[in-house]
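Given the structure is predicted, the values throughout are model-derived calculations rather than measurements. Chain letters run A, B, ... following the sequence lines, proteins first, then strands; residues in each count from 1.
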Number of protein chains: 2
Amino acid sequence: MSIDKLSINLATVREQWDLREAAEACARHGITAIDPWRDQVAKLGLSAAVRVIRDNGLRVSGYCRGGMFTSPDAIDDNRRAIDEAAALGAECLVLVCGGLPAGSRDLVEARKRIADGLGTILPHARACKMPLAIEPLHPMYAADRACVNTLAQAIDLAQALGDGVGVAVDTYHVWWDPDLEAQIARAGRMRKILAYHISDWLVPTRDILLDRGMMGDGVIDFARIGRWIEQAGYRGYTEVEIFSKRDWWTRPGDEVLRTCIERYRSTLM
Amino acid sequence: MSIDKLSINLATVREQWDLREAAEACARHGITAIDPWRDQVAKLGLSAAVRVIRDNGLRVSGYCRGGMFTSPDAIDDNRRAIDEAAALGAECLVLVCGGLPAGSRDLVEARKRIADGLGTILPHARACKMPLAIEPLHPMYAADRACVNTLAQAIDLAQALGDGVGVAVDTYHVWWDPDLEAQIARAGRMRKILAYHISDWLVPTRDILLDRGMMGDGVIDFARIGRWIEQAGYRGYTEVEIFSKRDWWTRPGDEVLRTCIERYRSTLM
């Protein structure tokens, strides 16, 4: 199985390497695309990051991340993220939309602020031809990271906003959803799937944020969900994104990349 | 505010008291209803449990729990749970439906087994006049506890099964759901709300199972969800159910009950 459509989200090796080292390692392993994070780009500097990515022949399957619309200064920060994503030639800017504002219990209002924030940054994103990918996050992050928590909800938002807005489907966040097949098909019909991320759900899960699994080590059926994604017409990258404090972040980066490639081949079909 | 409709799920004080002690303590605090767990009843013996509950003038707002339809021997075990619930005079048997079978990644099949299991035990439940309350669990429990994960999904199941099956709405499991208001209203129209449980979502959540919060200590808007429940026509008990290894399970039981009463009065309106 070819790895032409495999991308590595650089959070997966963030404890081992900086952006330059990670880009070089990906190229060395025959990986053709990455998704860098803003702090990784900032550390190297934007123009150096652009050069490193180009020199290693890499595509940028997405840029992580904008969003956080329920925090102060979100609009200016998102405009900067859009500019960076455009400079990097990213296929989309991934948006983690933000949780409840500090001290608030009002999910309805937080969700309205997210929709408003998206509407405010959209003209700039369109002007930069940078697609915005709303990523629904697992409901366990509704309080502190994103109160967009189902694919249906993300598609509704993307649909209301129109051109230039789609969704990022991440197996870790959506695998449990009884409505997943139908919603993936719906997003496909609307041509709204902008990114597909994979990592596994471990049993037990020991940390609510940093205990994601390598594909095959948990309970997610990647072959089935991958078929739904393909049947929905998505032909973009499959991006491995693993936050793993106790396991993968402690191993040598080359071992992590080798394992990503191996599991991509063995679990996705 | 009267506490006539307050019930204490005895998991809340399980580390402090056995069923007899907990029942006596509830009566002492003016609490009129409880929801005992099967292991608590088994420890005392069923007929002694019936006597203790009667002698303390308590109602049984629910019995925890049946379900686990994806495990072996689930059917016989559920029939016994129904018999016990009937002996205790419980208003419903709460069902945690079961996660993926060991070694399986097939959510579709697991969900089918749950529907089949419910259908199999339903005649016995009806014969015993014991309503079955399907409790949707938070999606973070989809793998290992219940792959019924949204209120919509639980209502769909209850609707397909017909008379004698409803849902248990637990704020901890459903608070994040963008569809919650609509689904509570739908369950109300169908007269399917059999139980209403409350506990709070803490930020941060340090343990995926045993770190639930006392109402007011987290981010859930109990006044708003409570209004939806009331507008849906539910007039039953509001049951406090808190699994809290690091906090409430370590405090004196009387302090826990006093706090439950106080927070019931201060956060629900």
Need one label for [X]: side chain, backbone, both or neither, based on atoms under 4.5 Å from any heavy atom in chain A.
X: B/Thr150; value: side chain
X: B/Val108; value: both
X: B/Asp144; value: side chain
X: B/Val219; value: both
X: B/Leu100; value: side chain
X: B/Asp106; value: both

Closest-packed option against chain A by number of heavy-atom pairs under 4.5 Å, given B/Asp156, B/Ile208, B/Val148: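 The answer is B/Ile208.
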Top contributor to chain A interface from B/Gly103, B/Pro178, B/Ala152 [non-hydrogen pairs under 4.5 Å]: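 The residue among B/Gly103, B/Pro178, B/Ala152 with the greatest pair count is B/Pro178.
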Distance-only side-chain donor-acceptor flag, A/Asn149 / A/Arg111, under 3.5 Å: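 Side chains of A/Asn149 and A/Arg111: pair found under 3.5 Å.
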Any side-chain donor near an acceptor of the partner, B/Asn9 and B/Trp37, under 3.5 Å: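 There is such a pair (donor and acceptor under 3.5 Å, judged by atom type) between the side chains of B/Asn9 and B/Trp37.
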Mutual orientation of the aromatic rings belonging to B/Trp249 and B/Phe243 [parallel < 30°, tilted 30-60°, perpendicular > 60°]: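 Judged by the thresholds at 30° and 60°, the geometry between B/Trp249 and B/Phe243 is tilted.
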From B/Ile220, B/Asp221, B/Asp200, residue fulfilling side-chain contact (heavy atoms from CB on, under 4.5 Å) relative to B/Trp175: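 Output: one option passes, namely B/Ile220.
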Residue, of A/Pro139, A/Ala142, A/Ala143, A/Ser104, that accumulates the most heavy atom pairs under 4.5 Å with chain B: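 If we count pairs closer than 4.5 Å to chain B, A/Pro139 comes out on top.
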Near-ring test B/His138/A/Trp176, centroid separation under 6.0 angstrom: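 Ring-ring flag for A/Trp176/B/His138: false, centres at least 6.0 Å apart.
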Lys/Arg N to Asp/Glu carboxylate O, B/Arg186 vs B/Asp179, below 4.0 Å: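 Judged by the 4.0 Å cut-off on N to carboxylate O distance, B/Arg186 and B/Asp179 do not form a salt bridge.
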Salt-bridge contact B/Arg14-B/Asp39 (side-chain N to carboxylate O under 4.0 Å):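 So B/Arg14 pairs with B/Asp39 through a salt bridge.
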Interchain contact, A/Asp177 with chain B, by part (heavy-atom threshold 4.5 Å):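 Just its backbone gets close to chain B.
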